[in-house]
Asker: 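Quick one: the structure is below, and I'll ask about it shortly.
Computed from a predicted model, the values in this text were never measured in an experiment. Numbers restart at 1 for each chain; the letters A, B, ... are given by sequence-line order, proteins then strands. Basis for what follows: all heavy atoms, side chains included, without hydrogens, waters or symmetry-related copies.
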Amino acid sequence: MNEIKITLPDGSVSVEQAGKSVKEIISSWNEEAAKTAVAARVNDALVDLSYPIEKDSSIDVIDVASEDGLSALRHSISHVMAQAVQDLFDGVKVTIGPSIEDGFYYDFEYENTFTPEDLDRIEKRMADIVAADHPFERREVSRQDAVKLFEEKGETYKVELINDLPQEVKTVSLYTQGDFIDLCRGPHIPSTGMIKAFKLLNVAGAYWRGDERNKMLQRIYGTGFATREELADYLIMIEEAKKRDHRRLGRELDLFQVNDELGAGLIIFHPKGALLRTIIEDWERKEHLKRGYDIVLGPQILKGDLWKKSGHFDHYRENMYFTEVEDQLYGIKPMNCLSHMLIYKSRIRSYRDLPLRYFELGTVHRHEKTGVLHGLLRVRQFTQDDAHILCTPEQLNDEIRAIAEFVDDAMKIFGFEYEVELSTRPEKSIGSDEDWNLATSALEHALKDTDMVYEINEGDGAFYGPKIDFKLKDVLKRKWQCATIQCDFTLPERFDLHYVGPDGERHRPVMLHRVILGSIERFIGVLIEQYAGAFPVWLSPVQAVVLTVTDNHIPYGEEVYRQLMDADIRVQRDFRNEKLGYKIRESQIQKVPYMLVIGDKEVDAKTVAPRQRDGQNLGPMGVEAFVSMVRDKCEKFE
RNA sequence: GCCGAUGUAGCUCAGCCGGUAGAGCAACUGAUUCGUAAUCAGUAGGUCAGGAGUUCAAAUCUCCUCAUCGGCUCCA
């Protein structure tokens, strides 16, 4: 027998006999670590614990609590689920079943549909499989043998997967637990008995390989954790997240509605929602003027020919609404850029005029497929905080960096974390390769210059240019695109824009499309969830409520209310003949930051007694003191 | 758009195998005048999403449409 050197996780080196399994080696090194190990990393490759080591190697333990460990566990649970489904239902074909961020899924082809009751049955069968403690056994076979095996089983999707592997792949790995065999890269946990906590969550449709031209499969989502406690916590977290759902809070806080009668994907803002939106828009206007933007306004419908000129008619038509005015085709704008182009073109521009930054809170309409509509987050009419910057190629980098800083400032003020993606040329696009390369590298350089961490999103750019996307996460961890910066060489070309350079010659400006918050509707949706409806004082549509203890206190309550109104505090009054506790409860549920209780003490001392939304009492203070406290918070965006 | 589920009072939900609707909260009215998360009593409120069909009879069964929810695809 050969002896080999194994570098253990703590850096020590152990001499072992070749052919020992990872599990044996870990066990002899640290019994405790072996208990919660689900897989291992040998020379940076993920392997099963049963993996035999034949040569000098270094080993890392993948604990079930680690990210890789948890995903191996969840992936193993998905195999168990597939086994249970095949046991229970005839004619099911398995496809793929990976672990995902919060759990796992498995896609099946099955002539009938899975019901919630079926999920219960599947869970029970899974529990049996777990109890049987089947080991996950790996074996390598030639791809020909694998194809033969899955053909015999009628697993046509697996056959397709193997056939689509690159030519150089000669063997594939199979995992077996009990009588269930699956094509799988692994690694898996040692045996089904290690599964302690799992739950199936829901059934959904999903296209085979994510392509809408393919067959619709049935996807069962589930989750799993190392312990029952963690699973219970997760399920509680899901319930809590539902309470923050902006659609629910939008109704409870009386911010907005969507109405069947009026139309899908169209938002009606109620007084408080409209006020919140106005506060945000006022902030936007101020902030843009401060940063050298000009506020402009364009019309809602523009002639069809203009959309043809811009390329929207050819590349964006299916998302647009059209109307006819006296036999002329008009397009309802899905973007704001065209008016801005025409403003630029309204006179001759010198290089001294650039950059020009046109800002518009522009309301656009886009035809979205019915299935994608979602509260405020995905709608058919929305208002963008849109701007188009026209500049020289030399100014591009500075402009992009300034926008990135603008986004960062805004996100800090509103309290969001975000991720950055650079999206490159899509299949359906216009413009030359040269321009695309120029534009893409301009964006990339600016990102590098600002030290932003970003990912590349291949083929996800707009049809006219590449873009930088900033994505916010909502409470359910769904990512929503808000800010975006798009670099465009094409539209200035199509509209034949130019400026006179220092050389007296005509040159072509470059255009940046950009939004900071993106869609105001979507941003408000994410904002509601972020704060669970308890907006910071500066954003709260109602900042304070004046509450009287009895009717005797109404005259002074009225006086306080008046003073606060005059001081531009967003205040309401509740002078109803109800007990104080009742009125406090209502304002509390409405998440009003301050409740000003007016009783005998306040009337006598000419004070107010603010109670904060968190239950804390600030004690008596003069109205002026309260006003300056609120103003101070607003100035600091608190 | 696709797959599945759902649609009953303002909200949350009950209503079995078909016999023309019910609760709690909210609302309204009255009484109560009260100090930091729910005072008591009474009243009113529904073409059961819309349309068609089956039936003596439909919230309930069938079909179509619309909308919502969970996903997929797409996207600010």
Side-chain angles (χ1 to χ4, degrees), chain A residues 105 107 112-116 201-221 242 245 247-248 251-252 254 257-265 316 318-319 334-335 362 364 366-386 423 460 462 467 469-472 476 478-484 486 513-523 525-526 547-554 576-589 595-602 609-613 615-617:
Chain A
Y105 66 79
D107 286 349
N112 301 317
T113 57
F114 296 120
T115 64
L201 298 171
N202 51 357
V203 188
Y207 298 109
W208 167 237
R209 295 190 150 179
D211 189 326
E212 65 181 332
R213 288 165 300 195
N214 287 342
K215 193 174 166 72
M216 178 69 74
L217 306 170
Q218 291 188 68
R219 173 172 298 179
I220 301 180
Y221 281 95
K242 280 187 189 154
D245 191 311
R247 292 165 297 188
R248 176 189 174 129
R251 188 180 58 235
E252 288 175 358
D254 200 17
Q257 65 170 308
V258 279
N259 189 307
D260 287 13
E261 223 178 336
L262 182 131
Y316 206 72
E318 63 273 25
N319 290 301
M335 297 183 191
V364 296
R366 295 184 187 175
H367 177 69
E368 300 289 342
K369 294 173 179 176
T370 48
V372 307
L373 301 175
H374 183 94
L376 293 177
L377 300 182
R378 195 74 186 271
V379 294
R380 287 186 173 148
Q381 177 193 305
F382 56 100
T383 298
Q384 296 178 301
D385 57 341
D386 204 1
S423 297
D460 213 28
K467 54 181 188 165
D469 290 330
F470 299 77
K471 298 197 171 176
L472 307 186
L476 291 172
R478 289 172 299 211
K479 282 186 224 167
W480 294 98
Q481 183 175 319
C482 289
T484 173
Q486 306 173 350
H513 309 242
R514 51 103 282 187
V515 290
I516 303 297
L517 307 183
S519 139
I520 303 293
E521 283 79 358
R522 174 177 290 180
F523 188 77
V526 184
L547 306 173
T548 46
V549 178
T550 75
D551 288 356
N552 297 331
H553 308 119
I554 292 178
R576 288 175 305 171
N577 175 15
E578 295 288 351
K579 293 179 81 168
L580 182 61
Y582 181 87
K583 294 201 266 192
I584 286 188
R585 180 166 193 271
E586 283 204 351
S587 293
Q588 187 75 42
I589 289 167
M595 288 157 246
L596 305 179
V597 177
I598 306 293
D600 287 343
K601 278 183 278 181
E602 288 70 31
R611 175 198 201 271
Q612 286 184 166
R613 154 169 83 180
Q616 197 193 331
N617 259 303

Asker: Any donor-acceptor pair under 3.5 Å between the side chain of R522(A) and the base of C75(B)?
Answerer: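 Indeed, a donor on one side and an acceptor on the other fall under 3.5 Å apart.
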Asker: Check whether any side-chain N or O of K583(A) sits under 3.5 Å from a backbone N or O of T548(A) as a donor-acceptor pair, and report yes or no.
Answerer: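 Checking the backbone N and O of T548(A) against the side chain of K583(A), a donor-acceptor pair under 3.5 Å is found.
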Asker: By the 4.0 Å heavy-atom rule, please label D551(A) as base, sugar-phosphate, or nothing.
Answerer: base
Asker: Any protein N or O atoms within reach of nucleotides 3-6 of chain B? Criterion: under 3.5 Å, listing atom names and distances.
Answerer:
unit_1: C3(B); atom_1: O2; unit_2: G205(A); atom_2: N; d: 3.1

Asker: May I ask you to evaluate whether H374(A) reaches the phosphate of G70(B), defined as a side-chain N or O under 4.0 Å from OP1 or OP2?
Answerer: yes
Asker: Applying a 4.0 Å non-hydrogen cut-off, can you work out what V515(A) is touching in the nucleic acid: base, sugar-phosphate, or nothing?
Answerer: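 Nothing, no heavy atom under 4.0 Å.
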Asker: Do the side-chain N or O atoms of R247(A) get closer than 4.0 angstrom to the phosphate oxygens (OP1, OP2) of C69(B)?
Answerer: yes
Asker: Taking only N and O in the side chain of Q481(A), is any of them less than 4.0 Å away from OP1 or OP2 of A76(B)?
Answerer: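 Answer is yes, contact under 4.0 Å.
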Asker: For nucleotides 34-44 of chain B, tabulate all protein N/O to nucleotide N/O atom pairs closer than 3.5 Å, reporting atom names and distance.
Answerer:
unit_1: C34(B); atom_1: N4; unit_2: N577(A); atom_2: OD1; d: 2.5
unit_1: G35(B); atom_1: O6; unit_2: D600(A); atom_2: N; d: 2.6
unit_1: G35(B); atom_1: O6; unit_2: K601(A); atom_2: N; d: 2.8
unit_1: G35(B); atom_1: N1; unit_2: E602(A); atom_2: OE1; d: 2.8
unit_1: G35(B); atom_1: N2; unit_2: E602(A); atom_2: OE1; d: 3.3
unit_1: G35(B); atom_1: N2; unit_2: E602(A); atom_2: OE2; d: 3.2
unit_1: U36(B); atom_1: O2; unit_2: R611(A); atom_2: NE; d: 3.0
unit_1: U36(B); atom_1: N3; unit_2: N617(A); atom_2: OD1; d: 3.4
unit_1: A37(B); atom_1: OP2; unit_2: R611(A); atom_2: NH2; d: 3.2
unit_1: A38(B); atom_1: N7; unit_2: R585(A); atom_2: NE; d: 2.9
unit_1: A38(B); atom_1: N7; unit_2: R585(A); atom_2: NH2; d: 3.2
unit_1: A38(B); atom_1: N6; unit_2: R585(A); atom_2: NH2; d: 2.2
unit_1: A38(B); atom_1: N1; unit_2: R585(A); atom_2: NH1; d: 3.2
unit_1: A38(B); atom_1: N1; unit_2: R585(A); atom_2: NH2; d: 3.2
unit_1: A38(B); atom_1: N3; unit_2: R585(A); atom_2: NH1; d: 3.4

Asker: Whether K467(A) contacts A76(B) is assessed here as follows: a side-chain N or O lying under 4.0 Å from the phosphate OP1 or OP2. Is that the case?
Answerer: yes
Asker: When the P atoms of A57(B) and G18(B) are considered, how many whole Å apart are they?
Answerer: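 Approximately 15 Å lies between the P atom of A57(B) and that of G18(B).
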Asker: Compare the minimum distances between each of U12(B), U73(B), U68(B) and the side chain of R251(A), then state the nucleotide with the smallest one.
Answerer: U12(B)
Asker: Taking the same atom, P, in A41(B) and in A23(B), what whole-Å distance lies between them?
Answerer: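 Looking at atom P only, A41(B) and A23(B) are 16 Å apart.
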Asker: Can you tell me which nucleotide in U73(B), C75(B), A27(B) comes closest to the side chain of K369(A)?
Answerer: U73(B)
Asker: List for me each residue that meets side-chain contact (heavy atoms from CB on, under 4.5 Å) alongside R209(A), sequence neighbours excluded, and say none if there are none.
Answerer: E160(A), L161(A), D164(A), N214(A)
Asker: In dot-bracket form, 5' to 3', how is RNA chain B paired? Count Watson-Crick and G-U wobble pairs only if both distances fall under 3.5 Å, and write | where the partner sits on another strand.
Answerer: (((((((..((((.....[..)))).(((((.......))))).....(((((..]....))))))))))))....
Asker: If the test is side chain to side chain contact (heavy atoms under 4.5 Å, CB included), which one of L376(A), L377(A), L517(A) qualifies with V526(A)?
Answerer: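 For V526(A), the side chain to side chain contact (heavy atoms under 4.5 Å, CB included) check succeeds only for L377(A).
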Asker: Is there side-chain contact between Q481(A) and K467(A), with heavy atoms separated by less than 4.5 Å?
Answerer: yes
Asker: Restricting to side-chain contact (heavy atoms from CB on, under 4.5 Å), what partner residues turn up for V549(A), sequence neighbours left out?
Answerer: H553(A), L580(A), V597(A)
Asker: Would you please confirm or rule out a distance under 4.0 Å between OP1 or OP2 of A76(B) and any side-chain N or O of T484(A)?
Answerer: no
Asker: Which atoms form the tightest heavy-atom contact between S519(A) and R522(A), and what is the distance?
Answerer: OG-N, 2.9 Å
Asker: I'd like a table of atom pairs between the protein and nucleotides 59-64 of chain B - only N or O on both sides, under 3.5 Å - with the distance next to each one.
Answerer:
none

Asker: Nearest heavy-atom pair of Q218(A) and T113(A): which atoms, and what distance?
Answerer: OE1-CA, 3.3 Å
